[in-house]
Amino acid sequence: MTEEPGTEARRRQLAGSLERVRERIRRATEAAGRDSEPALIVVTKFHPASDVRLLAELGVRDVGENRDQEAAAKAAELKELPLAWHFIGQLQTNKAKSVVRYADAVHSVDRASLVSALGKAVAASGRSRVLDCLVQVNLDPQAAPGRGGALPGEVSGLSDLLAGTEGLRLAGVMAVAPLGEDPAEAFARLASIAEQMQRRHPGADMVSAGMTQDLEQAVAAGATHLRIGTDVLGTRPRVR
């Protein structure tokens, strides 16, 4: 297959930025005294499927998307690649049927109605594997309504509901550090919530936390998965 003009230059660009991010993760892991590095989820929203294909060639296996329409199209175009698709954006219940067709994990489960919708969608889809689901935790009680995330006091009940829903697997927790707060303090609270969840549900060991600006603090707090976009792919293209 003939490559588009500029493909090799873009491959080199992505290889360089990917190596820089991986080096940051290596240094952060060493500084935290951890034995193993967290997994890197490259957030590819607004970037073309051609970039995702190049990332796969460079060894990336986990990609994150936050808009169903875009994610579904990319997953369909790249279905032959060995990729795990992580849905990380706010999810409306009416999009559950679409998301379960391609997603390996949903990081943004924050309410009972969404658990129900995902469970029904998985049952209707006939997919042979369970859907990993993470409870999104709102670490900012002052956040405006609609920002997403279950309050810390809601996590236990939501976790039990997820764990008891056929076709879904309670995988762990996800959060974003609130703006204006020390990420280290926010992620320490998330680590405590994750520990409580794991005592009740030992298999729920994923902690999805940390982005470009705070990955070091997330690694120090025990994150198992980091969500990095701009530092790998560059500035997002304008959305028309």
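Because the structure is a prediction, the values reported are computed rather than measured. Along the sequence shown, residues are numbered consecutively beginning with 1.
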Give me each pair satisfying ring-ring contact (aromatic ring centres under 6.0 Å, His included) with a member in [range], each pair once, sequence neighbours excluded.
range            : result
residues 15-40   : none
residues 98-122  : His86-His107
residues 174-208 : none

Between atom [atom1] of [X] and atom [atom2] of [Y], what is the distance when rounded to the nearest 0.5 Å?
X      : Y      : atom1 : atom2 : value
Leu114 : Gln90  : CG    : CD    : 10.5 Å
Leu131 : Thr165 : CG    : OG1   : 11.0 Å
Ser156 : Ile193 : OG    : CD1   : 11.0 Å
Thr230 : Met211 : OG1   : CE    : 9.5 Å
Ser50  : Leu55  : OG    : CG    : 9.5 Å
Asp68  : Gln92  : CG    : CD    : 9.5 Å

Might you point out which heavy atoms bring [X] and [Y] nearest each other, and give the distance in Å?
X      : Y      : value
Pro178 : Leu139 : CG-O, 3.7 Å
Val207 : Gly222 : CB-O, 4.1 Å
Val100 : Ser125 : CG2-CB, 4.1 Å
Lys74  : Trp85  : CB-CH2, 3.7 Å
Gln198 : Ala204 : CG-O, 3.0 Å
Val130 : Arg169 : CG2-CB, 4.0 Å

Show every salt bridge (Lys or Arg N to Asp or Glu O under 4.0 Å) that has at least one partner inside [range], sequence neighbours left out.
range            : result
residues 203-229 : Arg24-Glu216
residues 79-97   : Arg53-Glu80
residues 113-123 : none

Full working for side-chain contact (heavy atoms from CB on, under 4.5 Å) between Asn138 and Glu154
CA-CA 10 Å; Asn138 178 6; Glu154 300 170 332; over 6 Å; no
Which residues pass the salt bridge (Lys or Arg N to Asp or Glu O under 4.0 Å) test with Glu166, not counting sequence neighbours?
none
Quick one: salt bridge (Lys or Arg N to Asp or Glu O under 4.0 Å) partners of Asp51, sequence neighbours excluded?
Arg10
Side-chain heavy atoms nearer than 4.5 Å, only ILVMFWY residues, links allowed to pass through others: does that put [X] and [Y] together?
X      : Y      : answer
Leu158 : Ile88  : no
Leu78  : Val43  : no
Ile41  : Met206 : no
Val42  : Leu134 : no
Leu81  : Val60  : yes

Taking atom CZ of Arg61 as the centre, report whether more than 12 heavy atoms of other residues, nucleotides or ligands fall under 6.0 Å from it.
yes
Can you list the steps and then say if Leu40 with Leu18 is a side-chain contact (heavy atoms from CB on, under 4.5 Å)?
CA-CA 10 Å; Leu40 170 61; Leu18 192 59; 3.8 Å; yes
Per the side chain to side chain donor-acceptor pair (under 3.5 Å) rule, what does the pair list look like for residues 36-49, sequence neighbours excluded?
Thr44-Glu65
Name all pairs fulfilling the side chain to side chain donor-acceptor pair (under 3.5 Å) condition that reach into residues 174-189, sequence neighbours left out, sorted by first residue then second.
Glu181-Arg189
Answer yes or no: is there a side-chain heavy-atom contact under 4.5 Å between Met197 and Val135?
yes
Side chains of residues 26-33: which donor-acceptor pairs under 3.5 Å do they make with residues two or more places apart or in other chains?
| from | atom 1 | to | atom 2 | distance (Å) |
| --- | --- | --- | --- | --- |
| Arg26 | NE | Glu23 | OE1 | 3.0 |
| Arg26 | NH2 | Glu19 | OE2 | 2.3 |
| Arg26 | NH2 | Glu23 | OE1 | 3.0 |
| Thr29 | OG1 | Ile25 | O | 2.7 |

Using the side-chain hydrogen bond (donor to acceptor under 3.5 Å, both in side chains) criterion, which residues pair with Arg22? Sequence neighbours excluded.
none
